Structure formats: structure tokens, C-alpha cells
Amino acid sequence: MDWLTYLSFGDAGWGDELLQGLGVTLALALTTLPVGLLLGLLVAALVLFGARPARALALAFSTTLRGLPELLTLFIIYHGVGMGLNALLRWYNPAAGSLELSPFIAGVLALGLVFAAYSSEVWRGAWQALDGGQREAGQAMGLRRLTIFRVIELPQLLRLALPGLGNLWVNLLKDTALVSVIALSDLMRMANIAVGTTKKPFLFFLVVCLAYWLVCLLCECLLGRMERRANRGYRSGGAAA
Amino acid sequence: MMDILTRFSAQLLAGAGLTLQLTVIAALLACALALPLAIARCSERGLLRWPIRLFVSFFRGTPLLAQLFLVYYGSGQFRAELNQLGLWWFFRDPYYCALLTFVLNSTAYQVEILRGGLRAVPYGQIEAGVAMGLSRFNQYRTIILPNAYRIAFPALGNEIILLLKGSAVVSVITLFDVMGQTRRIFSQTFDLSVYLWAALLYLLMTSAFVWLWHRLELCLTRHQRVRQAPSTATSLASKRVSAGVSP
């Protein structure tokens, strides 16, 4: 069998399985993104505007999660939340059997927390770069805090945070590979299974690397366009921001 | 909870030893490799620039886990050839494979960081060096490199922390670093608290490193600091420094 046969679609090759895996990888990343973005924004808001205990808690959250390996966070969530759920279930109904936390949900939770921790720093930086006078102007016009956020702050925050968030998105895509360790059948794991059967590790892991690379390059291209669009009202050459 | 710590502290500490060892050796080797590559990357010649760009882009665009599998498991596909070359002992050992992967990965990131540092050196200073008749080598030694490293220093620190955290993936290829030991202990005891101790250990290592790096940075930038004047003239003093007058 030559290399192309291994990667062909159908029963003989692993092309369709790998593509399925890529789909799971992308689904995981795309599901995690909104969770992480919103949670990160919330943490940033708490750090900037929260009462003192809430601020301390939010800071501790982001510092801790940024200091832990993503793999460790993943295991803590996978086993910790799984055990917690089972304990809760037994307490509710002692006769209940144990249930397994799905790797996909564990992945979304763990990567979402990590993304939130990192993105809270990006959001915070963007928020601090906003001109405080605009907020005051909104208040002077009698707008509610939420309206000020929605109408005045958020559109500008998105522009300022976009480069940082784009980097985090690429990191998130790469971190999804870790979830294969807890048996989510993503691209990485599909390759592992293929290697187990075909004994062609170099071929399959190279293909996996190339797939991730391609997706990352496409995302970078897209993000560059988004940034240009977001900054279209500003002069280029450092005058933006 | 304490029970886990008293029973398994030796293993966890041994794991921390391996984690630190892998990180430090890989970071140092990558540092040595990154400098010439970064200089070549900044050079005018496209012939040198393109392969380096490709290398950097590949290692930054793929997951560390996939790179590790490519080196460790992937080399198995070429066992006969590697045996012939007398290199099989290297690729058979997960430790060397992890080290090689980390060196390549970290080099890619460090090249990118150093490139930014080299770009940010004020051109006037290099011009001044040329005017003083410094050789190309002496320009690098006395002007460009000290400046570039000072600018790149915080980013390099971040990269080493990422490497420290990323090194947890070696637990997947049967090495017993902190993560590996933790997974083994968990599979023996099913006690969640071991994860918390591991988390604490990682936080301890990263914060110790952050502290150390900050001290080093203060050391590197000591000439740029404004001496705290006893009077309220600090703002004035900083103005004078930025105007180039020694305070």
C-alpha cells in the first residue's frame, strides 16, 4: 500500500475518519469559544469594576488558570467534575449507577476556563485602553450602565481586543489536541487509532500536523482580514488604538 | 488530603525535577539555536529567510502534542534506517524525543521573539556604532544584542513559562514528570487531592520563575531606572532621562 491509499476515503483508507476527527476538533473549539469569551469578559468586568472580594476572586481565577498546564486543568475537570456529579447523583438517589462525564463536555469546560483566564487579560487591557470620557458622556446622556456597555464600549472593545483574542483562538485550536488524551475522538485520536492499525506513525502524525497547520494558517488569514475591517476607520501606521 | 502528600511527596518532587530539567535544558539549547536563526531571519537574503519562516510557522501552527507524537512515534516508522545511521538509541528514548521536540518548538517561538527584539533596536544606535568604526561583530556584541535581549526579555520569560506548562504533555509518552507522577498516583488511589497538590507544585514553579525573571530584568535595565529622588522631582528626573541628560 502506498501513502495515498492510506489516506483515501472509504474502507481501505483513513481519509474519512481523519476528516471526521477534524470535524470534532473544530466543533470542540467552536463550542468552547463563546463560553471562554463570555466568561473572560465577565472576569475582566469583575477585576475592573467589581467589589473588592469579587475582584480578588477574579484575579485569583485568572492567575491560577494561567499558571497551570492545560493538560492538568483538563484532568482536574474530567475527573473532578465527574466525581462531583456522581456524588451528587448518589446523594439524590443512592441506587443510581455511576455516569461518565463525556470527554467533549469536559474539554469544553476545561478549555473554556483556560480561554476565559487568558482572554480576561486581553479584555481588561482593551477596556483600560478605552477613553473613560466616553463612559461619562453616556452617563451624562442618562444611559443605563448596560446600555453604555452595549452601545459604546463593546464595539470598541471588540476592535481593541481582536489581535489578542485571535492569538488565543489559535492557541485554543492547538490545545484541543490535548483532549484526545481523555479519549475524545478528535483528529489526534483518530490518527492514533489509524497508527495502531496501519503501523505508519510518521505518515499519520505528519498529516495531522499539516491539518492543524493549515487550519491555523487559514484562521490567521481570516483574523488579519477581520482586523483590517475592524480598523478601517482608523489611520494605519500605529495611529490606531 | 495530607495523607497523599506524605505518602507520595518523593514521587511528586522527582516529577518536578524532571519537569524543570526538561524545561531548562530545552530552553537553553533553544536560546543558543534561536540567535543565529533570528539574525538570519532578519537578513536581506530570501534564500535564508524562507526556510526559517517555514520552520517557525510550522512549529507555531501545530500542537506540541502532535509534534511530540511525530518525533517519538513517527521515528518508529524509520527504525531500520535510523538503526543503520546509529541514531536509533536517541529516538527510542522518550526523554530524548521530548527534549528534541521542545528544543525545536521553543526555538521557533524564540526566533520570532528575538526577531521582534532585533527589529526594535533604535537605528540611531547602530549608526553611531558604524560611525565609530565598530566591526559588524562588535556592533552585535556591544550594541545590537544587549538592546535586543533587553527588549525581548519579558516575552522570552513568557515563552519559557509556556514551555514549562507545555512539558506536561510528556506524561503521555510514559515519562514521569509532575503530570506523569500525578496521573500514576491518581490511578492508584483515585484521590482527587493529588491533582490539587500537582496544581500547587506547578504554580509554585511558575511563580518562582516569574520572580526570578523579574529580578533578572531589573538587573538588565538598572541603567534605565530613575533613581527615586527624595523630593517630588521624580517626574522632572524622568523627563531629563528621556531627553538623554544623565541625572
Side-chain angles (χ1 to χ4, degrees), chain A residues 25 60 63-84 87 114 167 170-181 186-189 191-192 195-196 198-220, chain B residues 19 54 57-79 91 105 158 161-173 177-180 182-183 186-187 190-210:
Chain A
T25 292
T63 320
T64 310
L65 274 167
R66 282 183 301 134
L68 292 185
E70 289 76 7
L71 196 59
L72 182 63
T73 312
L74 184 65
F75 273 97
I76 291 178
I77 297 287
Y78 186 51
H79 291 137
V81 175
M83 278 188 172
V114 172
N167 280 338
V170 173
N171 279 345
L172 172 65
L173 268 177
K174 293 190 288 171
D175 283 343
T176 54
L178 295 175
V179 187
S180 67
V181 178
D186 71 333
L187 179 59
M188 200 68 215
R189 188 164 164 76
N192 262 319
V195 165
T198 60
K199 308 283 180 248
K200 292 281 177 222
F202 189 79
L203 169 68
F204 280 105
F205 289 129
L206 188 67
V207 168
V208 164
C209 280
L210 292 179
Y212 277 110
W213 195 16
L214 194 70
V215 173
C216 283
L217 286 180
L218 281 179
C219 285
E220 266 167 32
Chain B
T19 295
L54 216 60
S57 168
F58 178 80
F59 277 93
R60 282 165 38 115
T62 51
L64 188 60
L65 187 67
Q67 295 163 13
L68 190 62
F69 279 9
L70 185 65
V71 171
Y72 180 58
Y73 293 121
S75 58
Q77 198 175 326
F78 303 108
R79 182 169 178 178
F91 287 100
N105 183 281
N158 280 341
I161 288 180
L162 284 184
L163 186 63
L164 180 82
K165 296 193 323 172
S167 73
V169 297
V170 299
S171 65
V172 182
I173 56 163
D177 69 328
V178 178
M179 193 68 220
T182 307
R183 287 174 69 183
F186 182 77
S187 67
F190 286 103
D191 187 338
L192 269 181
S193 61
V194 64
Y195 283 129
L196 300 183
W197 290 118
L200 204 64
L201 203 51
Y202 272 112
L203 285 181
L204 219 64
M205 285 192 287
T206 41
S207 43
F209 179 80
V210 168

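Computed over heavy atoms, backbone and side chain alike; hydrogens, waters and symmetry mates excluded. Just so it is clear: chains get the letters A, B, ... in the order the sequence lines come, proteins before strands, and each one is counted from 1. The model shown is predicted, which means the values in this text are computed figures rather than measured ones.
Of the inter-residue distances, the one linking A:Tyr212 atom OH with B:Gln67 atom CD reads 11.5 Å to the nearest 0.5 angstrom. Summarising the geometry, atom CD1 belonging to A:Ile76 is positioned 10.5 Å from atom CZ belonging to B:Phe186; distances are rounded to the nearest 0.5 Å. Rounding to the nearest 0.5 Å gives a distance of 10.0 Å between CE of B:Met179 and CG of A:Leu68. The line from NZ of B:Lys165 to CZ of A:Arg66 is 8.5 Å long, rounded to the nearest 0.5 Å.
Ring geometry for A:Trp213 against B:Phe58 counts as perpendicular: the plane angle is over 60°, on a 0 to 90° scale with 30° as the lower cut. In this structure, A:His79 and B:Tyr195 have parallel ring planes: the angle between them is below the 30° cut-off, well short of the 60° mark.
At a 4.5 Å heavy-atom cutoff, the contact between A:Thr64 and chain B is made by backbone and side-chain atoms alike. Proximity to chain B is limited to the side chain of A:Glu70, based on heavy atoms less than 4.5 angstrom apart. For B:Val169, the parts lying under 4.5 angstrom from a heavy atom of chain A are both the backbone and the side chain. Both the backbone and the side chain of B:Ser57 come within contact range of chain A, with heavy atoms under 4.5 Å apart.
Residue B:Ala66 comes nearest to A:Val208 through the heavy atom pair CB-CG1, 4.3 Å, listed as atom of the first residue, atom of the second, then distance. Closest approach of A:Met188 and B:Phe69 over heavy atoms only: CE-CD2, 3.2 Å. Between B:Ser171 and A:Leu71, the shortest heavy-atom contact is OG-CD2, 3.7 Å. The two residues A:Lys200 and B:Gln77 make their nearest non-hydrogen contact at C-OE1, 3.2 Å.
Comparing A:Asp175, A:Leu217, A:Leu203 by heavy-atom pairs within less than 4.5 Å of chain B, the highest count is held by A:Leu203. Of the listed residues (A:Gly80, A:Cys216, A:Gly67), the one with the most heavy-atom contacts under 4.5 Å to chain B is A:Gly67. Ranked by heavy-atom pairs shorter than 4.5 Å toward chain B, the options A:Asn192, A:Leu214, A:Thr63 are led by A:Asn192. Residue with the most contacts toward chain A among B:Phe190, B:Tyr72, B:Tyr73: B:Tyr73 (heavy-atom pairs, distance under 4.5 Å). Per-residue counts of heavy-atom pairs under 4.5 Å with chain A were compared for B:Leu70, B:Thr206, B:Leu64, B:Leu201; the largest is that of B:Leu70.
A heavy-atom distance below 4.5 Å is found between the side chains of A:Val181 and B:Arg183.
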A:Ser180 and B:Leu65: side-chain contact (heavy atoms from CB on, under 4.5 Å), yes or no, with the steps? CA-CA 10 Å; A:Ser180 67; B:Leu65 187 67; 3.9 Å; yes

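A donor-acceptor pair is defined here as one N or O able to donate and one able to accept, closer than 3.5 Å; no such pair exists between the side chain of A:Lys199 and the backbone of B:Gly76.
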